[in-house]
Novice: 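Just dropping this structure here.
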Amino acid sequence: MTRLCIAVLAALVGLAAPAAARTLEELIEGRFVASGFNRVTPGQAAHRMLCRLTGKRLDARRLSLAGRCAAAEQTAEVAMVFTIEEPGRRYAMHIGMKMSATQGYERAYDYRGVATDSALVFESPFMLAGRQYQSTFTVSLRDEAVMRIVETVEAIETGVKSVLIDLRMTRDQPR
Amino acid sequence: MELLIGVIERAPRRLAALLVLIALALAGGLGRLTFDDGFRTAFESDTDAYHAFAAERRIFAAAETEIAIHLSAPDLGEAKALDAVERFVLELGLLPEARDVVSVFALRHRPGADGDAAPLFDPEVADGAARRAALVQAAAHPLNEGRLLSPDLRHMLVLVRLDDERLDAVSSAIAAIRRLARQSFDATAVRHGVTGIPVLRGDVLTTIVADQFVVNVVGAAIGFLVCWAMFRSAILALIAGTPAVIALVWVLGFLGYSGIGVTTLTNALPVLILALAFADSMHLTYEIRCRMTAGDGTMTAIAGSLRVTAPACAMASLTTALGFAGLLLSHSPLVRGLGVAGLYALPMTLLAVLAMNPVMVRLLAGLAPVRRALRSPAAPLLFPSTAWSRVIAVIVARPVAISCISLAAIVASTTLYLQAEPRHAFVESVDAASAGYRELVEVERLLSPLSSIDVIVPAPAATPGAISESALARVGRVHAALEARFGARRVVSPWTVARWLEPDRPAGAAATMSAFLTRAERAVDGAFVASDGSALKVRVLTADIDSPAVRALAAESRRIARDAIDDGLPPPRTAGALAMVAEVSTIMLDDLNNSFLFAVAASGLVIALWCRSLSIGLLALLPNILPDALVGAWLRLSGNGLQFASGLALIIAFGIAVDDTLHVLNRLRPRLRAGGRITFADIRRAYRDVSPAIVATTVIICAGLVSTQTSALPSIAYFGALSIAVFGLAVLADLVMLPALLALLVRLQLKVARR
């Protein structure tokens with residue numbers, strides 16, 4: 001489930017990628033759908049995943065993105081609040097989750113991200129199942145409506161890398 | 001009575017205005033009407049079975065709150081269909097109302113050495129053949145057993161558990177699921193249907209709301225038509241019918257303001273009230289017209305009619321009220337609610353009719369067309385009065401044979417009636433033609449029953465949040481024994497999972513399962529493991545069966561479970577909503593027999609006091625017991641047994657059927673109250689006067705209740721049909737058996753007098 005939230009975070013960061021010459025605050029408003037897969041822990045089998053999220057501007061510096069993600073056997077309410085530290089470059093984020101989940105049990109945590117020229121690279125250390133990892137999101141913004149988010153984690157101890165998230169995120173069409 | 005007559009004479013406009021104002025004020029209550037399908041409230045009771053159920057619900061989650069989605073296609077493994085179905089399952093999880101979604105897509109391979117259990121459907125594999133192979137594996141998966149996916153890959157079941165179980169939230173979720181299913185499958189070969197108890201509850205509620213419009217409007221229309229046919233006058237039909245409609249508005253408004261609301265039981269009350277009000281109002285209109293045709297002035301006719309008719313109407317309301325009062329003996333708050341509603345509604349109806357009908361005559365008689373209608377010679381009430389007078393003369397002259405045959409019929413039919421088995425099934429309250437119910441039948445036929453008898457297996461020691469090996473081994477013995485009797489497809493428990501995890505030593509899976517419980521407490525809370533760790537649950541799946549079958553299945557499951565683990569520890573016990581409903585409904589149906597006895601005894605006593613004659617009080621009961629006993633005997637012989645609809649129909653119809661007897665006795669009452677004896681001539685005269693009216697009122701009541709046949713709720717239609725049968729038999733008994741019994745009484749009294 002940690003991965004789930006990170007995926008959402010990555011999606012947001014992707015929206016702010018300089019490659020599109022757009023900022024997070026310009027793109028966040030609206031509804032999004034993300035589909036792909038996630039792994040709970042490195043090396044484990046992947047699960048198909050789908051998210052629907054709604055972005056809103058809370059004030060000049062704070063943005064929110066909230067919604068629901070689902071895999072075949074789990075669902076989660078996800079709510080994120082972003083604070084813009086440096087438009088188009090640095091962001092802080094708080095994630096809160098309410099899970100109906102068979103895996104993962106984190107409830108809330110903070111994250112920080114940085115944008116580069118061609119994509120958004122977002123990094124954070126975190127603990128999972130007693131092991132220390134470094135996660136790296138690569139977010140490619142193909143156009144305003146479509147992006148691909150890939151999270152790769154590297155075990156600090158062994159240096160082994162594993163893809164935890166692979167999501168394709170689009171603007172949600174009216175249903 | 002004299003006060004009412006005085007007001008009608010002196011201030012008819014003010015009285016009419018007051019009655020209309022009351023109607024307007026109570027009409028405001030229509031907007032406050034609440035509707036309850038009774039699923040939750042019907043069986044809440046002070047019974048051991050309900051208390052045990054409530055205790056179980058504190059540690060185990062409800063299983064009957066899931067929405068079931070039935071997906072079918074010629075081949076669900078076909079790539080486009082499979083993609084659409086998997087996407088649909090994920091989308092279900094995104095609905096804000098969904099708490100959990102259960103489907104074959106959650107099935108996994110057995111965990112490897114690293115403990116990881118890979119899903120059967122690998123999201124990184126898009127190849128159609130590989131995905132189809134995964135579906136085939138899912139069909140053969142030990143955790144599936146044909147319950148979520150049929151072996152031929154044609155039928156799939158997806159279960160959705162909701163966060164909020166309130167009906168409005170459930171209705172909103174069902175609408176969202178249906179919308180999503182249409183969006184997901186409209187362009188595919190996949191057919192979809194939504195069912196489950198929450199869906200059927202929503203259907204019942206929709207029907208109850210619709211009934212309040214359709215059944216009552218149809219009932220009122222039929223009432224007006226019958227009045228028009230009886231009086232051959234549209235004006236008199238309006239005078240007779242308007243008070244009944246006013247009474248209906250009063251009663252519905254009262255149900256709204258009082259918060260009693262409309263339930264599956266009180267649903268029939270308004271139309272019943274309508275029919276009674278039509279009957280009373282027709283009696284009054286008939287009497288007024290007879291008197292005005294005979295030359296009485298308007299006010300004289302009104303006063304005379306009220307003095308003659310009102311006491312009988314009031315007594316009829318009283319005996320009907322006694323039927324409703326009998327319902328207060330029930331353990332069911334829903335049945336008691338009907339009793340209370342009836343007790344309030346009857347006096348309101350009586351007042352509406354006795355005040356509204358004469359005041360309308362008083363005010364409208366000034367108009368020439370109305371005056372003409374009221375003074376035109378009263379047409380016969382479609383009743384062969386002359387021929388019937390001859391029949392009555394024969395009956396009165398030879399009462400012994402008819403009385404003996406009648407008494408023998410009462411004894412025989414009562415004996416059969418007492419053997420009618422209490423019987424309740426959920427389907428009684430559901431429209432069997434509804435899409436939801438038809439889908440339920442299909443799901444239970446093709447995939448898996450959605451109901452269950454639960455067997456609770458106490459753990460040797462409470463282990464909150466975990467499953468001990470000894471507890472798992474214990475549940476395993478129960479599971480195996482039940483499975484040997486009912487088959488693997490019908491028995492589900494933690495042992496199902498343990499056997500899959502550790503085929504060689506299932507009890508050894510306790511640690512793995514405990515770890516899973518710790519990690520996923522909310523997803524699996526209370527489904528099979530008690531929240532306090534005190535017990536595990538085995539579900540014996542069963543389709544919707546009636547209460548005797550449920551009780552038999554529960555008893556058999558309990559016996560098998562106890563035989564399987566005769567180890568000196570606390571024995572297994574049966575539980576679950578189905579078992580509770582079967583037990584409590586049996587008690588409640590027995591209550592209805594007590595209510596009926598109360599209604600009979602109380603009505604006899606009241607009639608005896610009214611006529612100041614114990615023998616008349618007892619005698620008056622017999623022609624009213626016979627119809628109920630005959631219908632009860634039919635319930636036994638037909639195998640239908642005693643259901644809520646039939647039990648209530650027998651009690652309430654008894655109270656109403658006494659009405660006809662009272663109208664006959666009302667004619668004999670002056671002599672009885674004066675301490676005199678009735679004569680054969682009195683009987684003949686009474687029948688000459690009242691036979692047309694009691695037949696007409698029976699026709700009106702029965703015609704009004706015909707509208708219950710428009711209800712999609714089988715229980716309401718059944719209630720109406722049985723009530724009509726009782727009224728039909730009752731009027732026959734009043735026309736044949738009662739004069740014979742009265743004549744026999746006269747004979748006996750003469751014999752005694754001669755001695």
Side-chain angles (χ1 to χ4, degrees), chain A residues 1-4 7-8 31-54 66-79 97-107 128-129 131 150 162-168 172-175, chain B residues 82-83 85-109 111-112 114-126 131 134 138 143 148 158-163 176 179-180 182-184 515-525:
Chain A
M1 191 49 60
T2 309
R3 313 279 75 73
L4 211 87
V8 173
R31 295 171 62 182
F32 302 90
V33 58
S35 64
F37 69 84
N38 78 319
R39 282 190 176 81
V40 178
T41 53
Q44 281 196 340
H47 303 263
R48 196 173 296 275
M49 189 170 67
L50 185 70
C51 302
R52 285 192 188 280
L53 305 159
T54 301
R68 198 165 162 109
C69 291
E73 58 186 20
Q74 59 182 320
T75 59
E77 300 284 351
V78 182
M97 289 188 298
K98 183 183 173 193
M99 288 182 289
S100 169
T102 52
Q103 297 173 60
Y105 39 87
E106 285 84 357
R107 295 290 189 271
L128 192 63
R131 288 185 178 176
V150 179
S162 177
V163 175
L164 291 191
I165 295 284
D166 192 339
L167 278 179
R168 188 171 175 275
D172 199 1
Q173 300 302 312
R175 293 156 63 84
Chain B
L82 188 54
D83 287 349
V85 169
E86 188 178 22
R87 172 76 180 216
F88 171 70
V89 169
L90 290 175
E91 292 276 11
L92 282 174
L94 294 180
L95 292 177
E97 300 91 346
R99 177 173 178 175
D100 296 305
V101 180
V102 178
S103 74
V104 288
F105 296 102
L107 290 174
R108 295 163 176 249
H109 295 285
D114 60 354
D116 183 29
L120 294 187
F121 295 88
D122 185 344
E124 292 173 287
V125 174
R131 283 171 58 72
L143 298 185
L148 294 173
V158 180
L159 299 171
V160 180
R161 187 149 62 121
L162 304 177
D163 255 330
R179 196 164 48 243
L180 180 60
R182 280 195 300 275
Q183 287 164 352
S184 302
F516 179 78
L517 280 177
T518 308
R519 208 169 60 214
E521 54 175 308
R522 191 165 178 265
V524 291
D525 54 354

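Side chains are part of it too, since the values below use all heavy atoms of this structure and drop only hydrogens, waters and symmetry mates. Naming convention: chains lettered A, B, ... in sequence-line order (proteins, then strands); numbering from 1 in each chain.
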Novice: Atom CZ in A:Arg48, atom CZ in B:Arg87: separation rounded to 0.5 Å?
Specialist: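 If we round to the nearest 0.5 Å, A:Arg48:CZ and B:Arg87:CZ are 10.0 Å apart.
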Novice: With A:Asp166, which residues qualify under salt bridge (Lys or Arg N to Asp or Glu O under 4.0 Å), at least two apart?
Specialist: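 Counting only residues at least two positions away or on another chain, A:Asp166 forms a salt bridge (Lys or Arg N to Asp or Glu O under 4.0 Å) with A:Arg148.
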Novice: Taking atom CZ of A:Arg52 and atom CG of B:Leu90, what is their separation to the nearest 0.5 Å?
Specialist: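 Reported value, rounded in 0.5 Å steps: 10.5 Å.
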Novice: Less than 4.5 Å to any heavy atom of chain A: does that hold for the side chain of B:Leu92, its backbone, both, or neither?
Specialist: neither
Novice: Minimum heavy-atom separation for B:Gly93 and A:Arg68, please, with both atom names.
Specialist: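 Heavy atoms of B:Gly93 and A:Arg68 come nearest at O-NE, 2.6 Å.
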Novice: With sequence neighbours left out, what residues match A:Phe37 under ring-ring contact (aromatic ring centres under 6.0 Å, His included)?
Specialist: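 ring-ring contact (aromatic ring centres under 6.0 Å, His included) check on A:Phe37 returns nothing, list empty.
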Novice: I'd like to verify something: which residue of B:Ala117, B:Pro119, B:Ala118 has the highest number of heavy-atom pairs under 4.5 Å with chain A?
Specialist: B:Pro119
